[in-house]
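All chains are named by letter (A, B, ...) in the order of the sequence lines, taking the proteins before the strands, and each is independently numbered beginning at 1.
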2 protein chains.
Amino acid sequence: MDVKPPEAALEEADTLCQRRGVRLTAQRRQVLQILCAARRPLGAYEILEAMRDGSRPLAPPTVYRALDFLLEQGLVHKLESLHAYVGCTHPDHPHFSQFLICADCGLVTELEDEAIAASLKSAASETGFRPRRRVVEVIGTCANCAGKATD
Amino acid sequence: MDVKPPEAALEEADTLCQRRGVRLTAQRRQVLQILCAARRPLGAYEILEAMRDGSRPLAPPTVYRALDFLLEQGLVHKLESLHAYVGCTHPDHPHFSQFLICADCGLVTELEDEAIAASLKSAASETGFRPRRRVVEVIGTCANCAGKATD
DNA sequence: CGTGAAGCGGATAGAGTATAACGTCTTTCA
DNA sequence: TGAAAGACGTTATACTCTATCCGCTTCACG
Ligand SMILES: [Zn+2]
Ligand SMILES: [Zn+2]
Ligand SMILES: [Zn+2]
Ligand SMILES: [Zn+2]
């Protein structure tokens with residue numbers, strides 16, 4: 001598996017934000033760190049819970065504000081079908097990605113498939129539709145879980 | 001526009017449910033009727049409001065149960081990005097469809113595009129992923145609204 | 001320095017979405 | 001008729017997200 005360690009993702013985010021002239025504050029960074037460290041999508045309240053180091057009391061707007069920033073910067077994605085968030089696996093370039101979501105183990109794979117992008121674009125343009133945002137999520141069973149089931 | 005009148009959709013639903021041996025009760029039928037009559041996606045609580053003929057008090061589980069049934073039977077679809085529901089435009093055969101959602105006027109177009117289906121299937125199978133449910137929603141501007149904007 | 005604008009974040013409240021749990025009534029079918 | 005399954009009413013509650021107000025920090029500008 002070529003999953004980047006969370007530290008690398010965070011350093012990349014630092015660089016990107018600096019280059020863009022936006023501020024990856026401690027709190028935003030912490031949310032990103034929590035998302036990258038988790039091996040699965042997290043709900044806003046799960047992130048909130050993880051942010052509470054037993055010390056501060058934190059309210060929902062705190063995490064939603066951080067998420068808004070991270071979403072705008074393309075550092076995290078929202079999974080609409082789960083109401084949950086994941087760290088982006090390749091935030092260095094703007095992209096629209098697709099997600100394979102395992103309903104059994106929670107594994108999420110972020111794809112950047114040209115053929116899917118092209119077919120969507122073509123279908124939209126046929127009707128004169130101008131795409132802005134694209135939500136592509138496939139819920140099913142990952143190879144690992146499928147293998148176990150058929151053993 | 002070849003939009004079916006709501007009555008036709010309801011009669012088709014009657015036939016389908018009878019053939020499948022499931023019960024399209026008055027309440028379920030009413031939810032479907034409300035969705036078909038609306039020219040736009042409706043939230044669960046909007047449906048609930050429409051169901052209250054000024055008489056009965058109705059609670060959320062009522063509409064969610066009806067929606068569960070209609071979703072299972074493929075008579076309605078859920079738009080995950082809007083938390084809203086629409087009547088299916090061709091419920092006679094099992095299908096996975098894609099949605100073009102106009103952010104300006106709320107128009108929703110249900111597509112059944114072979115190329116998109118094929119590219120998704122191919123991308124999934126490359127990783128051994130077994131798809132069960134597919135969420136494909138493109139948010140943007142419809143041809144009509146785009147035309148107005150550039151006038 | 002002083003000051004004002006902008007951005008960030010704490011805090012409270014509340015809107016909107018969805019489900020759990022339990023009881024009752026109806027339909028189905030042996 | 002009687003049992004089982006399904007549909008529905010009801011209450012309560014969990015979960016997701018936003019509005020709003022206020023205070024703090026930062027930083028440019030005079
Ligand atoms: Zn990404
Ligand atoms: Zn899995
Ligand atoms: Zn459909
Ligand atoms: Zn439009």
I need a per-nucleotide contact map over nucleotides 25-30 of chain C, read 5' to 3'. Cutoff is protein heavy atoms under 4.0 Å; write B for the base, S for backbone only, - otherwise. --S---
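- The interatomic distance linking B:Gln27 (CD) with D:dT10 (P) rounds to 11 Å, in whole Å.
- Within the 3.5 Å criterion, the main-chain N or O of B:Leu58 finds a donor-acceptor partner in the side chain of B:Arg52.
- A centroid separation of 6.0 Å or more is found between the aromatic rings of A:His77 and A:Tyr85.
- Closest contact between the side chain of A:Leu58 and the listed nucleotides C:dG10, D:dC8, C:dG9 involves C:dG10.
- A straight line from CZ of B:Arg52 to P of D:dT10 spans 11 Å, rounded to a whole angstrom.
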Contact state string [nucleotides 12-24 of chain C, B base, S sugar-phosphate only, - no protein heavy atom under 4.0 Å]: B----BBBBB---
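- Taking only side-chain nitrogens and oxygens, A:Thr62 never comes nearer than 4.0 Å to OP1 or OP2 of C:dA11.
- Taking atom CD of B:Gln73 as the reference point, atom C1' of D:dG6 lies 14 Å away to the nearest angstrom.
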Under the side-chain contact (heavy atoms from CB on, under 4.5 Å) criterion, do A:Val108 and A:Leu100 qualify, and how do the steps go? CA-CA 6 Å; A:Val108 172; A:Leu100 303 181; over 6 Å; no
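- Going from atom CD of B:Gln30 over to atom P of D:dA7 covers 17 Å, rounded to whole Å.
- Using cut-offs of 30° and 60° for the angle between ring planes, the A:His90 and A:His93 rings count as parallel.
- Residues B:Ile34 and B:Met51 form a side-chain contact, since some pair of their non-hydrogen atoms from C-beta on lies under 4.5 Å apart.
- Summarising the geometry, the separation between CE on A:Met51 and P on C:dA11 is reported as 12 Å, rounded to the nearest angstrom.
- Between B:Leu70 and B:Val31, some side-chain heavy-atom pair lies under the 4.5 Å cut-off.
- Between B:Phe99 and B:Pro41, every side-chain heavy-atom pair lies at or beyond the 4.5 Å cut-off.
- No side-chain donor from either of A:Ser81 and B:Glu80 sits under 3.5 Å from a side-chain acceptor of the other.
- For the pair B:Phe69 CZ and D:dC8 C1', the interatomic distance rounds to 14 Å; values are reported in whole Å.
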Derivation of the side chain to side chain donor-acceptor pair (under 3.5 Å) call for A:Glu110 and A:Ser97: CA-CA 6 Å; A:Glu110 180 176 354; A:Ser97 42; 2.9 Å; yes
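- In this structure, A:Leu24 places its CG atom 11 Å from P of C:dC8, rounding to the nearest Å.
- Separating the CG atom of A:Leu42 from the C1' atom of D:dC17 is a distance of 17 Å, rounded to the nearest angstrom.
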